[in-house]
Amino acid sequence: MTLTDSTIATRRNRRRASSLLTAVLRFVVTAVTTFFGLLAVTFFIGRVVPIDPALAIVGDRAPAHVVERVREELGLNLPLYQQFYLYVKQALSGDFGTSVLTTNPVMTDIARVFPATIELATIGTLIGALLGVPLGVLAAVKRGSIADQVVRVIGLIGYSVPIFWLGLLSLVLFYARLNWVAYPGRIDIVYEYTFTPITGFYLLDAAWQGQWDVFWDVFRHVILPASLLGYFSLAYISRMTRSFMLNELSQEYVVAARAKGLSEARIIWFHALRNAAVPLVTVIALSYANLLEGSVLTETIFSWPGLGLYITNSLQNADMNAVLGGTLIIGSVFVGINIFSDLLYRTLDPRTRNR
Amino acid sequence: MTGSPSPLLTVEDLRVTFPTRTGEVNAVRGVSFTLGKERLGIVGESGSGKSQTGRAIMGLTPGHAKITARKLAFGDRDLLAMPKTERRALRGKRIAMILQDPKYSLNPVSTIGRQIVETLKTHEKVSSAEAKSRALAMLEAVQIRDPERVFGLYPHEVSGGMGQRAMIAMMLICGPELLIADEPTSALDVTVQLEVLSILDKLVAERGMGLIFISHDLRLVSSFCDRVIVMYVGKIVEELPSANLADAQHPYTRGLLNCLPTIGSDRHPLPVLDRKREWAL
Amino acid sequence: MSIVEPETRPYSREWLLSDRPTSRKQARLGRAYIVWRRFAENRLALVGLGILILLLVVAALADVLAPYNPVQGDLRNARLLPPGTAGYLLGTDDQGRDILSRLIHGSRLTLLVVVLVAVIAAPIGLIVGTVAGYAGGWIDAVLMRITDIFLAFPKLVLALALVAALGPGIENAILAIAVTSWPPYARIARAETLTFRHSEFIAAVKLMGASPFRIVLRHVMPLCLSSLIVRVTLDMAGIILIAAGLGFLGLGAQPPLPEWGAMIASGRRFILDQWWVAAMPGFAILIVSLGFNLLGDGLRDALDPKEAGQ
């Protein structure tokens, strides 16, 4: 056996190198084709669907020759494939056209509002993961108990509740009645002009500059919408954690760990959870992506000046460039997160790490 | 061995019951035996309660099951009466267990070395360096030629035979007095089985452990153990020294023996075990 | 066989549970009975089923059950009455309309959305998935690539963009949700198809000269149905929530239709003082989507015992 060990090892190393290359290549191909597909879908929605973009700009009472001029300027007279080529070319250089509503380039608008959404979704995911994972573990360990049932019901309600409705009710309760949190928005009007953000993530910026009064104010603004999104992802994460943990706890290595005399706590939190963590990473990444989506409605409720509010505002004003630009950005981030979580999965699981 | 004052393990009227929705399932129904520093084989088909007997001695029966016994003692310590933490301190330290398939019984996301060291560190206060050197020595003792390399490997990177040796190393590193081996070779290739058995054989002899060897393979058990217990539907139907296996009285044991093929004899028609209802009573 | 076997009364318990069914019908009914027993053991699943039956009854009998006209209110005497006011169990909205009556009539819209989305999206997914799985090769690659692209879009955002382009309205909302809902079904159908693509019975049908079209239609698709049904049921809650979200943003059903999401939106203005106007429709959405979730969970456990309890 030892005779062939070294040859096997070298062969394995060679296979590792080549398979890593194919893995990376596959990721690149997936990312490129998917992004191309996203462009095709948004192009289709924007150009082929029966709203004339030219009419949307000049209004339907404009004289015919004006409409025609605008059509030409937009390249709407070209054959469809040329239009698509133009669209892709512009999109790749970050040009999604101009927003009718704000008159800024859509890309500039998005760059301005996106950090707010990222901040909200990140805090939401943190809340969801930090609470959801322990709850899921608890439910799995105490399977069939009252605790398990409670976690299950909490999760099911999280799956079933309309988040905008829960947002409205919680605003009534925590802002209007109890006054525990600040009113909708991201920062108090007092600080609006005195506070200069650096990164666009207000909590970080305020802490960085040592402005703790701003930090507290921002915190009071963000905590309610973030908790709502957190609840949303908690429902998903706790349920998946429970199912992964039940699977792990029924494995033989858990019996072996008990036979070694390990404590239950070590078996659960070290052995079983480390194994469950491998698929859990994907789940948490997915729930992060879902929160970006969930933020569309939440931001509307909480007047949170992020991408979701930007999209819905543009929607109300038939500002298709802005809507499609935002859709494309969220879609791209979705794809990015999926690829990232897949890579993370590979590094966490030793069984796939070297293949 | 026969005149020793307090046996290593005393089992008297051990019963394991699982409550289910359709009623109680009695997995083990009144098993009694004593064990010294010897090798005891427990044989039976799947569902005979042999594995549950082993797990009940280890204290690894699932929480919802009910275990009773007139006496279940390790040396002179009552296993059922002692608190959970004490029972846990015994596991891995003084009583250890080897499971069937290293593919499933080793934690896939932890290295082999780390899992061996973990057993040691749970029961003894040792420095990391000492723990590692003892783990390497243990890997050498289970005849792994390149312990340094295997120490850093993940379970999926080694063969079944190598994995089972790592399992043995993990369970024996604290020097237990009693080892329960639950089908330790059934998942391995036939050629590797003998290697692993001879390693186990040597270690048990060298270290003077008591061994309970659980298997469905009557011939393997009889060649490996001093004494054999035959179980059927949760009960012991026969207990006899391996040497006298041919004199087995119980029809079930005889039936099992009869099913073993012997080279050169005509096996047509294949014998079938004819079960009698009264055996299960 | 039936000579030795004691004859059991058709449709009795023993007949259903017989391990030697004498007809195809008996075998099918027996299987269904076992699934039902497993399903019925799950109390929460029964609650879910109860909620949905209630929804169906309410939608069917809306005209009889609703105490008031859902669209025309009593502006003079009944504006923004709180719940419990004589005659108005759940209160009234700003147009003086009885909220209970609107909810009762709104159940029809909810059912309409759910059923239409399922009827459009499930077959698309089924066809794409089975064809991709059975054909393999480049057809599979292309179809799955397209599926992945649609999967890459967050559902709600894509639906928003679609409705924005198509124009608001309940038909367009349904269409948009259906367009965003089919990809997971295609994935499931493909996975199922792959598991028995090379099995003996497919080979046998092929030998008998069946065309690929016939094989997919008659032999592959029926086998994908059960997992597809479970998935569709589990998705229903999500569909209801997206429809409500579209309604809330004013992109779904238009006033004065009593769509629940739109009702929340119109109650938003009074949320601080007349909370019930927005709260009541939300409860309706919550209960119905909870019902679908409970039912879907129970169905999954009953049809797929290996996942039970996980």
Side-chain angles (χ1 to χ4, degrees), chain A residues 1-6 8-13 15-16 140-145 148 244 246-281 344-355, chain B residues 54-55 58-64 84-85 87-111 115-116 118-123 144-146 149-150 153-159 161-162 167 170-171 173-174 176 179-180 182 187 192 195:
Chain A
M1 182 186 285
T2 36
L3 237 172
T4 53
D5 268 1
S6 57
I8 289 173
T10 43
R11 214 177 289 157
R12 195 188 286 144
N13 281 340
R15 211 184 318 136
R16 266 180 213 173
V141 172
K142 307 252 176 221
R143 179 182 185 177
S145 70
D148 185 15
F244 293 150
L246 278 180
N247 182 37
E248 295 301 332
L249 287 173
S250 68
Q251 300 291 318
E252 279 288 291
Y253 73 79
V254 170
V255 177
R258 289 204 179 104
K260 281 161 77 174
L262 304 187
S263 66
E264 278 305 297
R266 184 162 173 90
I267 291 169
I268 292 162
W269 297 103
F270 184 77
H271 283 269
L273 188 59
R274 271 219 54 203
N275 277 279
V278 176
L280 256 186
V281 164
L344 208 58
Y345 186 101
R346 277 160 192 275
T347 54
L348 269 181
D349 188 348
R351 282 162 294 187
T352 55
R353 193 182 297 164
N354 302 323
R355 265 179 231 156
Chain B
R55 293 196 176 195
M58 285 298 289
L60 294 179
T61 316
H64 59 281
K84 268 188 181 169
T85 47
R87 188 99 191 257
R88 196 165 71 214
L90 280 184
R91 283 203 289 269
K93 171 79 177 154
R94 299 184 66 192
I95 312 178
M97 185 177 204
I98 296 171
L99 300 169
Q100 182 170 350
D101 192 342
K103 222 181 351 199
Y104 302 110
S105 52
L106 292 171
N107 185 341
V109 298
S110 185
T111 60
Q115 295 186 52
I116 298 174
E118 191 183 29
T119 313
L120 195 55
K121 286 202 153 182
T122 307
H123 298 291
I144 286 174
R145 308 249 172 110
D146 191 357
R149 191 177 67 87
V150 173
L153 291 182
Y154 285 95
H156 74 274
E157 294 174 312
V158 301
S159 65
M162 184 97 84
M167 180 82 193
M170 180 169 93
M171 288 305 179
I173 190 156
C174 285
L179 178 66
I180 300 170
D182 190 353
V192 185
E195 275 176 41

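A note on names: the letters A, B, ... follow the listed sequences, proteins ahead of strands, and every chain is numbered from 1.
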Practice task
Give a yes or no on this: more than 12 heavy atoms of other residues, nucleotides or ligands lie within 6.0 Å of atom CZ of A:Phe270.
Solution key: yes
Exercise for the section: Mind checking side-chain hydrogen bond (donor to acceptor under 3.5 Å, both in side chains) for B:Asn107 and listing every partner two or more places apart, or none if nothing turns up? Expected result: A:His271, A:Asn275
Completion exercise
Answer key: most heavy-atom pairs under 4.5 Å with chain A among B:Met58, B:Lys93, B:Glu118 is B:Glu118
Handout entry: Contacts of residues 95-103 of chain B with chain A (heavy atom under 4.5 Å)
Key = B:Ile95, B:Met97, B:Leu99
Problem - Residue list, side chain to side chain contact (heavy atoms under 4.5 Å, CB included) with A:Val281, at least two apart or on another chain - result: A:Leu344, A:Leu348
Completion exercise
Checking B:Arg91, B:Met170, B:His123 against A:Lys260 for side-chain contact (heavy atoms from CB on, under 4.5 Å), the one that qualifies is B:Met170
Exercise for the section: Could you tell me which portion of B:Thr119 (side chain, backbone, both or neither) has an atom closer than 4.5 angstrom to a non-hydrogen atom of chain A? Expected result: both
Handout entry: Side chain / backbone / both / neither for B:Arg55 at chain A, heavy atoms under 4.5 Å
Key = side chain
Completion exercise
On a heavy-atom basis, the closest approach of B:Met167 and A:Ala256 is CE-CB, 3.9 Å
Problem - salt bridge (charged side-chain N to carboxylate O under 4.0 Å, His left out) against A:Arg258, all qualifying residues, sequence neighbours excluded - result: A:Glu264
Handout entry: Heavy-atom closest pair, residues A:Gly261 and B:Arg88
Key = O-CG, 3.3 Å
Handout entry: Pairwise distance CZ(A:Arg266) to OG1(B:Thr122) - rounded to 0.5 angstrom
Key = 6.5 Å
